[in-house]
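Computed from heavy atoms alone, side chains included, the values below leave out hydrogens, waters and symmetry copies.
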Amino acid sequence: MKFRVFPVQELRPALRILTERYPVLHGVDTGIPIHFRRCKPGKVAKLVSPAQDGGLTISFDRPCRALRTLGLLMAELYRLSRTLPEKELRKTFARSAKRLAEGIPGTETCPFETFGVLIDCSHNAVPKPESLHRTFERLALLGFNRVLLYCEDTFKLEDEPFFGFHRGAYSAEEIRELDDYADALGLELVPSIQTLTHLEQLFRWRAYLPIHDIAGNLLVDSKRAYDLIEKMLRFWRDNVRSRVIHVGMDESRWLGSGRYRLLHPNAPQPPVIDLVARHANRIAELCETLELKPVMWGEAWWRAASKKHEYFDVKAVFPDELKLQIPDNMRFSHADYDSESAYKFITPIKRYRSIYQEPVVVSGISTANLFWYSESKTAPTLHAALYAMRKCEVKDVFFTLWGTDGAYCDFESAFIGLISCANQAYRDPKNHVLPSPPDQHAAIHGDDSYEVVRMVAKEAAPFWSAILWDDPLMMIGASSLQAETAPADSAGFVCDWAALPHRLRYISHILSRTPETPEGMGGSIPYARALLDVLLAKIELCNALISAWDNPPKQRRGAVRALALKMRTYLTAMEAFAAEHRMMWMSRNRPQGYETIQIRLAGAIERARECMRRTADYGAGRIDTIPELDDALALWKKTDAPLLSWSRLSHGTTNA
């Protein structure tokens with residue numbers, strides 16, 4: 001059974017795209033008719049059953065509501081088609097549609113004017129345009145109406161050959177095409193760029209050293225810097241429909257302490273907020289000239305308002321002198337990816353409104369420092385954020401998919417988080433009238449992988465990255481994860497090292513019986529299997545190696561010799577994971593950026609081989625000890641190391 005859609009004019013582009021993508025919308029004469037009807041603004045989407053042809057009519061006030069309702073119908077039809085024969089399907093669906101028609105008006109009440117997703121295109125992974133097409137289609141069916149592309153220097157500027165060099169940068173033509181595609185689906189494509197900070201990649205090239213202050217910061221007051229920023233702003237002004245632009249400027253704590261200080265050696269060191277304010281006003285002036293509506297991260301202002309200089313200080317109050325520095329046409333966005341308390345969202349919203357600012361409020365779908373989306377991290381923060389957003393009647397919100405530490409995550413796995421986000425935004429998540437998340441996931445991806453993707457997501461944590469990147473001889477991460485003080489990593493996770501292998505083994509067994517998803521959409525099952533296999537092999541090797549090295553010297557050589565099979569298992573698992581990771585990456589992202597991940601994975605593989613060589617030499621008596629293991633055992637379970645960064649776990653010395 002299929003649908004036969006009859007779109008109104010404003011939905012024709014979207015339904016043309018979706019009909020080509022989804023066979024369920026290919027219905028001909030026998031398909032269930034789906035009609036669309038514009039209703040007055042403020043009315044919620046609903047379903048009725050017109051008598052003339054026995055089909056359904058979706059009434060909508062905005063395209064995103066119409067497409068979301070269509071997605072719910074697709075999910076319901078998918079659910080029924082799995083168990084019912086064709087001849088019973090139409091009658092049962094009609095009854096189900098009536099139930100949906102009664103349920104949607106009472107629960108589908110998204111209060112946000114803009115409901116968006118930020119896609120990270122700057123931390124190595126730059127999605128191919130065709131990958132973004134598929135993402136846009138699914139976001140539209142979930143009811144989102146805005147998508148932000150986070151591009152630090154991953155777009156090409158005329159007469160700036162080193163801007164975006166070797167970064168997989170998008171051309172103007174590609175951005176225009178992406179904007180057209182998004183617009184056809186009812187999505188507003190909004191650029192999210194950096195005009196002050198986080199431009200580390202840019203400063204690799206000598207061409208930009210004259211406008212470099214320190215770290216990733218541009219040089220404030222430099223005419224050449226503002227000429228470059230104007231080119232950046234014009235690029236997006238000329239190539240997307242939206243006049244909204246997110247101009248960044250977060251994490252500016254070291255601003256003014258580098259080249260700026262050298263150029264002003266005798267002047268008093270200005271507070272960071274003064275430099276940020278001066279710079280923000282220049283950006284605001286440029287945006288006003290170009291008829292753009294700028295939004296910046298509010299972090300620097302919030303730190304300046306805090307007596308502790310902390311971003312999440314709920315006691316921060318904006319003094320009058322600070323208020324006067326804020327550009328009139330600049331909006332703030334408040335981002336919080338960790339708080340599980342709605343109060344910590346509500347207080348900043350009220351504070352921003354006290355300075356006549358209606359903030360954009362931001363939370364996250366957890367993909368940073370992760371190989372797989374983490375539901376255990378996302379769920380509590382998402383619930384708190386959406387509760388606060390609703391309670392405070394915030395109008396503009398978005399949710400981020402960050403790729404911090406290299407964007408090595410399978411971002412497709414995050415769609416179960418996006419489904420949860422959309423459902424909580426549009427309706428009470430406890431309502432069971434509408435199709436369930438597994439049915440929605442199946443309808444937009446064409447498979448039944450939701451439960452296994454979620455099973456991995458419920459266990460996924462940043463300490464998985466600590467385990468995988470950890471050097472097998474130095475074991476910095478393994479020691480920290482088992483520390484006697486049981487420290488949480490910077491994302492708040494505590495690793496239960498003893499129970500972890502059992503859980504990983506169980507999930508791996510389930511995955512071994514799960515078929516691969518089409519094109520890896522919604523999360524690659526082979527990739528997930530390879531990930532769990534290498535984590536399990538690494539943990540077992542680590543435990544065995546430390547246990548063997550803890551023996552008295554006379555028994556140690558024999559114990560180490562007995563580890564050859566575990567080492568071979570780990571090496572094989574590492575090689576298999578590297579192969580699956582490459583397949584996952586290349587199917588979705590441009591090749592630029594993968595060299596960084598490939599170097600890391602190749603290094604991990606070679607270090608596994610080195611571990612085999614060194615232990616073989618020791619077991620055969622060719623060397624008297626392994627110094628790295630001596631060091632590791634000396635401070636075993638006492639190591640105090642940050643757990644989230646490859647650079648701090650893969651080696652113990654400088655990489656300069």
- Message: Strictly below 4.0 Å, N to O, side chains only: are E299 and R253 in salt-bridge contact?
- Response: yes

- Message: Other residues, nucleotides and ligands only: do more than 12 of their heavy atoms fall within 6.0 Å of CD on E130?
- Response: yes

- Item | N-O pairing of E174 and R590 below 4.0 Å | yes

- Could you label the plane-to-plane angle of the Y426 and F115 rings as parallel, tilted or perpendicular, counting under 30° as parallel and over 60° as perpendicular? perpendicular

- State which residues pass side-chain contact (heavy atoms from CB on, under 4.5 Å) with D183; sequence neighbours excluded, sorted by chain then number. R241

- Strictly by modelled atom types, are S366 and T378 linked by a side-chain donor-acceptor pair under 3.5 Å? yes

- Sequence neighbours excluded, which residues qualify as side-chain contact (heavy atoms from CB on, under 4.5 Å) partners of A304? I273, L322

- Message: Students often mix this up, so state it plainly: with edges at 30° and 60°, are the rings of F577 and F371 parallel, tilted or perpendicular?
- Response: perpendicular

- Message: Please check if the number of heavy atoms outside E288 that lie under 6.0 Å from its CD is greater than 12.
- Response: no

- Query: Parallel, tilted or perpendicular for F165 and F162, by the 30°/60° rule?
  - Reply: perpendicular

- Item | Aromatic ring pairing H334/F345, orientation class (parallel under 30°, perpendicular over 60°, tilted between) | perpendicular

- Audit row: H279, Y226, ring pair (Phe, Tyr, Trp, His ring centres under 6.0 Å) steps and yes/no: CA-CA 9 Å; H279 185 78; Y226 294 111; 5.2 Å; yes

- For the pair W372 and Y527, name the ring-plane relationship: parallel under 30°, tilted 30 to 60°, perpendicular over 60°. parallel

- Salt-bridge present (D336, K344; N to O < 4.0 Å): no

- Cation over ring, R351 on W302, under 6.0 Å and within 45°? no

- Is it true that atom CH2 of W205 has more than 12 heavy atoms of other residues, nucleotides or ligands lying nearer than 6.0 Å? yes

